[in-house]
Amino acid sequence: MAVSSCSCPTRVFNAYSSFECRSDPDFSCAPIGDKPRLGSTRLVAASSFVTGGGITSGSISSLIFRFPPNFVRQLSIKARRNCSNIGVAQIVAASWSNDPASGSPSSAAAAAAAQAAAAAAASAVPAAGDLAVVGGCFDNGSVQIGGSDNSKTSFLSSDGSITVHAGERLGRGIVTDAITTPVVNTSAYFFKKTQELIDFKEKRHKSFEYGRYGNPTTVVAEEKISALEGAESTLIMASGMCASTVMLMALVPAGGHIVTTTDCYRKTRIFIETILPKMGISATVIDPADVDGLEAVLNKNKVSLFFTESPTNPFLRCVDIEKVSKLCHSKGALVCIDGTFATPLNQKALALGADLVLHSATKFIGGHNDVLAGCISGSEKLVTEIRTLHHILGGTLNPNAAYLIIRGMKTLHLRVRQQNSTAFRMAEVLEAHPRVRCVYYPGLPSHPEHELAKQQMTGFGGVVSFEVDGDLMTTIKFVDALKIPYIAPSFGGCESIVDQPAIMSYWDLSQAERRKYGIEDNLVRFSFGVEDLEDLKADIMQALETI
């Protein structure tokens with residue numbers, strides 16, 4: 001069922017009842033008397049049945065309805081509470097009508113219901129026409145297109161508060177008094193009249209139209225991420241790889257050139273090396289810290305985009321976002337930073353000068369190892385270009401998954417704070433351990449970009465990569481001896497996860513081929529969850545003692 005996030009008349013085909021939508025909760029902080037209200041006196045009358053071998057409007061008098069005391073009030077309250085949790089239009093009053101001549105005991109209840117309905121209608125101002133606008137909210141009778149204004153977050157002083165409230169309490173595009181955002185499961189949105197559809201096509205009327213083009217639940221997730229990143233717009237998609245590939249295809253023209261870095265997620269590299277060349281797009285790969293190399297490429301080629309991770313996967317290298325952004329912009333190139341390892345809490349790529357920031361929301365943003373999603377944030381202009389291609393390719397995020405992202409983000413600041421602390425302390429412990437050869441973590445002075453990380457990050461993340469003192473089999477023994485972390489891909493969730501990249505991500509390559517990418521057989525990537533530090537430390541120490 002389509003959902004309206006502004007007050008609107010809802011047509012309910014029930015011979016016994018009349019329904020009316022409530023007005024949207026107001027968070028403008030204006031005095032009650034000054035708050036705009038939307039409503040309608042239009043109610044669906046319970047006038048008649050279509051005969052179908054049984055009851056007709058004339059035979060309704062043969063039915064006897066008995067109502068308990070306060071029936072109408074109780075029905076209204078309970079229905080509103082129940083319905084609000086799934087985001088449907090809310091019952092204000094139900095009028096039950098019988099044949100006046102029947103003299104049935106339900107007449108008093110019917111009169112009370114009618115009186116309650118009339119009182120509710122009288123308290124609202126009728127909407128003028130089919131399209132009403134209140135505070136930037138467009139009501140088309142089925143769905144609201146609008147959303148929160150990020151400027152409303154200005155009174156919130158911390159990212160933690162923003163992750164909880166942005167996109168919801170500060171202006172949610174769904175009518176409900178539920179604290180949590182409803183999941184709107186619909187594949188399409190209807191138009192009341194053909195003229196309304198024409199108005200939509202000619203951009204005089206707003207609607208999502210089709211599930212691939214948008215969803216009220218998904219919009220809440222997008223607005224929450226935009227507020228956290230300080231972005232004009234965010235597009236959320238079915239996975240991080242979907243976000244990466246659509247972004248590259250949308251922004252790099254045929255025959256274009258991109259620059260990326262040596263250390264990155266392998267599937268991203270595969271797409272750049274094998275798929276983009278089919279479109280005539282070439283790439284230059286540089287070291288993350290090689291600013292001179294970047295400048296040389298920019299002078300030699302007409303570069304459309306510099307795309308990299310910071311920190312990178314799996315060696316957590318850092319890119320000087322401010323410096324490369326200024327350099328690329330001077331040559332007309334865009335900058336997109338994959339900030340999945342950093343999270344929006346530890347690093348603000350857009351504030352540092354990047355044009356776009358991308359995340360695999362599967363990881364820290366979702367945070368519970370239970371959902372796949374990806375997102376891109378940036379200017380309205382660039383995100384719109386990406387969104388246009390996204391609507392064609394169709395990597396749409398399911399609204400149930402969007403709900404999991406919204407729920408996960410409410411504890412993002414708590415989880416990341418714990419994971420930052422645990423990873424940093426364990427990186428120090430691991431670096432001092434005799435059975436560990438080296439540790440890769442931006443928070444350690446031994447990291448090649450430690451000083452840079454201190455400048456552009458407020459926390460160093462929850463993932464630590466390190467090499468144990470041994471070969472492939474020794475490393476396998478260490479991993480198998482661990483009791484707390486799961487052996488699995490991915491990272492950033494509440495549960496700790498460990499993997500051996502030589503096996504998990506690069507097993508199809510020979511040892512020599514793996515080494516071209518710096519992947520040694522003894523490399524371990526450890527994603528710290530939110531378990532107790534001492535428990536994790538004891539587990540890792542006992543596992544190291546086995547090798």
Side-chain angles (χ1 to χ4, degrees), residues 226 229-235 237 242-265 268-269 271-312 317-340 342 344 347-359 374-393 449 452 455-456:
S226 287
E229 288 286 10
E232 291 180 358
S233 182
T234 292
L235 170 61
M237 290 187 251
C242 181
S244 298
T245 56
V246 174
M247 182 275 299
L248 288 167
M249 288 189 289
L251 298 182
V252 183
H257 192 86
I258 69 170
V259 181
T260 189
T261 52
T262 52
D263 190 32
C264 68
Y265 178 52
T268 304
R269 181 187 294 115
F271 182 80
I272 290 173
E273 292 178 345
T274 64
I275 305 301
L276 288 185
K278 296 178 182 179
M279 305 175 190
I281 298 172
S282 56
T284 297
V285 182
I286 63 172
D287 185 87
D290 190 4
V291 178
D292 292 337
L294 173 60
E295 185 173 15
V297 178
L298 290 168
N299 290 331
K300 181 180 179 181
N301 301 278
K302 184 174 176 52
V303 176
S304 301
L305 176 74
F306 175 53
F307 177 48
T308 185
E309 302 164 8
S310 187
T312 60
R317 300 289 303 278
C318 296
V319 174
D320 191 330
I321 300 173
E322 185 175 10
K323 183 178 289 187
V324 301
S325 295
K326 289 179 179 178
L327 182 59
C328 288
H329 293 161
S330 70
K331 301 294 183 179
L334 297 172
V335 174
C336 179
I337 301 295
D338 183 333
T340 301
Q347 180 176 276
K348 305 289 188 184
L350 299 180
L352 291 167
D355 299 287
L356 295 163
V357 60
L358 182 149
H359 294 276
C375 60
I376 305 172
S377 303
S379 69
E380 184 71 40
K381 179 180 181 297
L382 289 176
V383 174
T384 297
E385 287 187 50
I386 301 167
R387 194 185 300 272
T388 299
L389 180 59
H390 164 62
H391 287 171
I392 296 171
L393 297 179
E449 285 87 45
L452 172 63
Q455 293 174 20
Q456 66 184 25

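Fair warning: this is a prediction, and the values are worked out from it, not measured in the lab. These numbers come from the heavy atoms of this one structure, side chains and all, not from hydrogens, waters or symmetry mates.
Note that NZ of K326 is 10.5 Å distant from CG of L352, once rounded to the nearest 0.5 Å. With rounding to the nearest 0.5 angstrom, the OG atom of S233 is 4.0 Å from the CD atom of E380. Atom OG1 of T268 and atom CD of E273 lie 11.0 Å apart (nearest 0.5 Å).
Checked against side chain to side chain contact (heavy atoms under 4.5 Å, CB included), T340 has the following partners two or more places apart in sequence or in another chain: D338, H359, S360, K363, F491. With sequence neighbours left out, K302 forms a salt bridge (charged side-chain N to carboxylate O under 4.0 Å, His left out) with no residue at all. E385 is linked by a salt bridge (charged side-chain N to carboxylate O under 4.0 Å, His left out) to K381, counting only residues two or more places apart in sequence or in another chain. Checked against salt bridge (charged side-chain N to carboxylate O under 4.0 Å, His left out), R269 has no partners two or more places apart in sequence or in another chain.
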Determine, step by step, whether I376 and M237 satisfy the side chain to side chain contact (heavy atoms under 4.5 Å, CB included) criterion, reporting the C-alpha distance in whole Å, the side-chain angles of both residues, the deciding distance to 0.1 Å, and the verdict. CA-CA 8 Å; I376 305 172; M237 290 187 251; 3.7 Å; yes
Starting from the C-alpha separation in whole Å, work towards a yes-or-no answer on side chain to side chain contact (heavy atoms under 4.5 Å, CB included) for F307 and S244. CA-CA 9 Å; F307 177 48; S244 298; 4.1 Å; yes
Show the numbers, then the answer: is there a side chain to side chain contact (heavy atoms under 4.5 Å, CB included) between M249 and I275? CA-CA 10 Å; M249 288 189 289; I275 305 301; 5.8 Å; no
Using the rule given for side chain to side chain contact (heavy atoms under 4.5 Å, CB included), can you reason through T284 versus K300, listing the C-alpha separation, both sets of side-chain angles and the distance that settles it, and then say yes or no? CA-CA 11 Å; T284 297; K300 181 180 179 181; over 6 Å; no
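Of the possible polar contacts, none joining the E449 side chain to the P288 backbone as a donor-acceptor pair under 3.5 Å is found. S325 places no side-chain N or O within 3.5 Å of a backbone atom of E322 that could act as its donor or acceptor partner. Using modelled atom types, one side-chain atom of Q456 and one backbone atom of I321 make a donor-acceptor pair closer than 3.5 Å. Not one N or O on the side chain of D355 forms a donor-acceptor pair closer than 3.5 Å with the backbone of C336.
Side-chain atoms of M247 and L235, non-hydrogen and from C-beta on, never get closer than 4.5 Å to each other. By the 4.5 Å heavy-atom criterion applied to side chains, L356 and L358 are not counted as neighbours.
Annotation: salt bridge (charged side-chain N to carboxylate O under 4.0 Å, His left out) contacts involving residues 276-294, sequence neighbours excluded, comprise D287-R317. Residues in residues 242-262 take part in no salt bridge (charged side-chain N to carboxylate O under 4.0 Å, His left out) pair, two or more places apart or across chains.
Listed here is the closest heavy atom pair of H329 and G353: CE1-O, 3.1 Å. Here the shortest heavy-atom pairing between L294 and F306 reads CD1-CD1, 4.2 Å. For A283 against I272, the heavy-atom pair with the smallest separation is CB-CG2, 3.6 Å. Between I337 and A354, the shortest heavy-atom distance links the atoms CG1-CB, 3.9 Å. The heavy-atom pair separating T234 from V383 by the smallest distance is C-CG1, 4.2 Å. Heavy atoms only, all atoms of each residue included: S310 and C318 are closest at OG-CA, 3.6 Å.
Screening V303, L298, N299 against N301 for a side chain to side chain contact (heavy atoms under 4.5 Å, CB included) leaves a single residue, V303. With V285 as the partner, the side chain to side chain contact (heavy atoms under 4.5 Å, CB included) test is satisfied by one option alone out of T262, T261, T308, I258: T262.
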